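Read through the structure below, which is laid out as structure tokens, and then see the notes.
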Amino acid sequence: MHLSSASLPSTLHSAQQVRALDAQLIAAGTPGFELMQRAAHAAWRALRRRWPEAGEITVLAGRGNNAGDGYLIAALAQRAGWRVRVLAVGDPAALQGAAAQACAEADAAGVDILPWDESLPLAGVLVDALLGTGLAGAVREPYAQAIGAINQAGLPVLAVDIPSGLLADTGACLGVAVRADLTMTFIALKLGLLTGQGPALCGELQFDDLQADAQLLAQAPSVAQRLDERCLPRLAPRSPVAHKGQFGHLLVVGGDLGMGGAALLCADSALRSGAGMVTLATRAEHVAAALVRRPEIMCTAVASANQLLALAERADVCVLGPGLGQGAWSRSLLSSVAGLGAPQVWDADALNLLAAGQVPAPRQGVLTPHPAEAARLLGQDTASVQADRPAAARALAQRYGLVVVLKGAGSLIAAPDGRLALCDRGHPAMAGAGLGDVLAGLIGALLAQGMAAFDATCLAVWLHARAGEVLARQGRGLAAGDLPCAIRQLLEELCPCLK
């Protein structure tokens, strides 16, 4: 998904909150039909910018306000001299209010309004004005068939407000959904556009507030914060007389036999992200390789829980899980430090051992599950987690009393107090081994430097995703070990070490 992130709002809303905003705007004196006209003009401008030479559009219209937007887009295209048709999947005679007025305007402009006959043209742009944000259950016929035809047509697609079939609150696909090339959304940004299936279905996402009153928008309730460079938490600058002891001693625990690279990636990420000192506790077999690769890391072989406890008691932050494994060695190490008071970041096999009930949860810190790990922690299947990612992230934060980052497209950061943040950055080139280990080390380093858990996690997730975007310009083959230096540069640009 390509996002015009600079022009997107930093607050995210539910469908109900956006409908309430729409009602408030109407009550404040902006007629519903005027809002619909503004939406149509915004969508028509976006369509012409993206496909200026198309010369032809086909609007597939349902029977609600989303259809009204589509009818007005058709009228604008007709008056511009384009070839235009509306295929009415919902009966135009059933339209009410502003939507009926929009249909009448399209008819008056000379637009051909035809019943949907299960066929589509072979050229031009398709405009999806079938189903809006009010959809809650599975898509029914004939809408499911129309959506299937849109997806199989091989033509460019503009979705009006939201791709039909996408659930605005969660990003779940309600059986079948339109795969758009461009989505033009209005008034306020819906959470589901940016997580779950939203990024795959929206294509390029553009936004227009329809000239809504800025104060009204600012005061409107929201469900989450979109992480944006303009409002990210910041790491404080350093004093000119700073020393390493002021920036935390971070302990990384992991690297069972055959998995030493994961723990080393984590430790390397923490070092490059500014932790004052980094110790890696791992299998004896990995120590020599780790010291050759990164001599700045204090690498120690641990064979028992007592050995690890002695190290952990001197650490300010612990990161546990990268390459840890789930055997007896792993369980004993994790159990020995779980109850310590220092903040902890649990990743990978630490989460699997927690889900299996073999270790207690840490007292404070951060959990970093991907969807399958989140499902195990919640006793669900992965599909259930992905069907409502915001609910899953919140449930985990409440269950464990810890900050949780639910990884994946549209990563979500949830706090036990109810705060929720979303990161819409990242790139498919980041789908590779080891990148989660880098993120865990980065979160740990920011905690070690004094940031609160929620702020550290928000900043870390954004830096990690943005670094992936920068490196992905070179294409596939992004290695996790490429990220720490890119993260270091981005962190300095965002939070300079000196004032």
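It should be emphasised that the depicted structure is a prediction, and the values quoted were computed from it without experimental measurement. If you read the sequence from its start, that first residue is 1, and numbering goes on from there.
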Value rounded to 0.5 Å, distance of [atom1] in [X] from [atom2] in [Y]:
X      : Y      : atom1 : atom2 : answer
Leu87  : Ile113 : CG    : CD1   : 10.5 Å
Met184 : Arg45  : CE    : CZ    : 7.0 Å
Tyr71  : Asn66  : OH    : CG    : 11.5 Å
Ser411 : Leu194 : OG    : CG    : 12.0 Å
Gln386 : Gln197 : CD    : CD    : 7.5 Å
Cys458 : Ile413 : SG    : CD1   : 4.5 Å

Minimum heavy-atom separation for [X] and [Y], please, with both atom names.
X      : Y      : result
Leu483 : Ala467 : CG-CB, 4.4 Å
Ala146 : Leu130 : CB-CD1, 4.2 Å
Pro156 : Asp181 : CA-OD2, 3.2 Å
Ala393 : Val404 : O-CB, 4.3 Å
Val223 : Leu420 : O-CB, 3.8 Å
Ala188 : Thr185 : O-OG1, 4.5 Å

Under 4.5 Å between any side-chain heavy atoms of [X] and [Y], yes or no?
X      : Y      : result
Leu21  : Leu216 : yes
Val461 : Thr457 : yes
Val84  : Asp112 : no
Arg331 : Gln326 : no
Leu166 : Cys173 : no
Leu447 : Val345 : yes
Asp347 : Leu320 : no

Would you confirm whether [X], through its side chain, and [Y], through its main-chain N or O, come within 3.5 Å as a donor-acceptor pair?
X      : Y      : answer
Thr170 : Asp388 : no
Gln398 : Pro416 : yes
Asp161 : Phe186 : yes
Ser164 : Leu131 : yes
Ser269 : Val438 : yes
Asp482 : Ala479 : yes
Arg389 : Lys407 : yes
Asn151 : Arg179 : yes
Asp349 : Asn352 : no
His464 : Leu435 : yes

Evaluate salt bridge (charged side-chain N to carboxylate O under 4.0 Å, His left out) for Glu204 paired with Arg50, printing each intermediate quantity in order. CA-CA 10 Å; Glu204 180 183 355; Arg50 181 70 181 266; 3.2 Å; yes
Take Leu422 and Gln225 through the side-chain contact (heavy atoms from CB on, under 4.5 Å) test and state the conclusion after the steps. CA-CA 6 Å; Leu422 179 145; Gln225 185 82 9; over 6 Å; no
Under a 3.5 Å cutoff, is there a donor and acceptor pairing between the side chains of [X] and [Y]?
X      : Y      : value
Trp51  : Glu53  : no
Thr133 : Lys190 : no
Arg19  : Gln24  : no

Return yes when atom [atom1] of [X] has more than 12 non-hydrogen atoms of other residues, nucleotides or ligands closer than 6.0 Å, and no otherwise.
X      : atom1 : value
Arg476 : CZ    : no
Arg234 : CZ    : yes
Gln474 : CD    : no
Arg63  : CZ    : no
Gln358 : CD    : yes
Glu493 : CD    : yes

Might you work through the side-chain contact (heavy atoms from CB on, under 4.5 Å) test for Trp346 and Leu334, ending with a clear yes or no? CA-CA 10 Å; Trp346 282 29; Leu334 192 57; 3.6 Å; yes
Going through the distances and angles, do Asp424 and Leu193 end up as a side-chain contact (heavy atoms from CB on, under 4.5 Å)? CA-CA 10 Å; Asp424 60 2; Leu193 297 172; over 6 Å; no
Contacts of Arg85 that satisfy side-chain hydrogen bond (donor to acceptor under 3.5 Å, both in side chains) - sequence neighbours left out: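 Arg85 satisfies side-chain hydrogen bond (donor to acceptor under 3.5 Å, both in side chains) with Glu56, Thr58 once adjacent residues are dropped.
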Quick check on side chain to side chain contact (heavy atoms under 4.5 Å, CB included): which of Val366, Val403, Val319 does Ile443 satisfy it with?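 The option that passes is Val366.
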Leu377 vs Leu354, test: side-chain contact (heavy atoms from CB on, under 4.5 Å). Steps then yes/no. CA-CA 7 Å; Leu377 288 166; Leu354 177 61; 3.8 Å; yes
Verdict with reasoning, Ser10 to Asp228, per side-chain hydrogen bond (donor to acceptor under 3.5 Å, both in side chains): CA-CA 6 Å; Ser10 59; Asp228 184 276; over 6 Å; no
All pairs passing ring pair (Phe, Tyr, Trp, His ring centres under 6.0 Å) where residues 21-46 contributes a residue, at least two apart: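 For residues 21-46, and leaving out neighbouring residues, the ring pair (Phe, Tyr, Trp, His ring centres under 6.0 Å) pairs sorted by first residue read Trp44-Trp82.
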Non-neighbouring partners of Glu34 that pass side chain to side chain contact (heavy atoms under 4.5 Å, CB included), sequence neighbours left out: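 If we apply the side chain to side chain contact (heavy atoms under 4.5 Å, CB included) test to Glu34, skipping adjacent residues, the hits are Thr30, Pro31, Gln37, Arg38.
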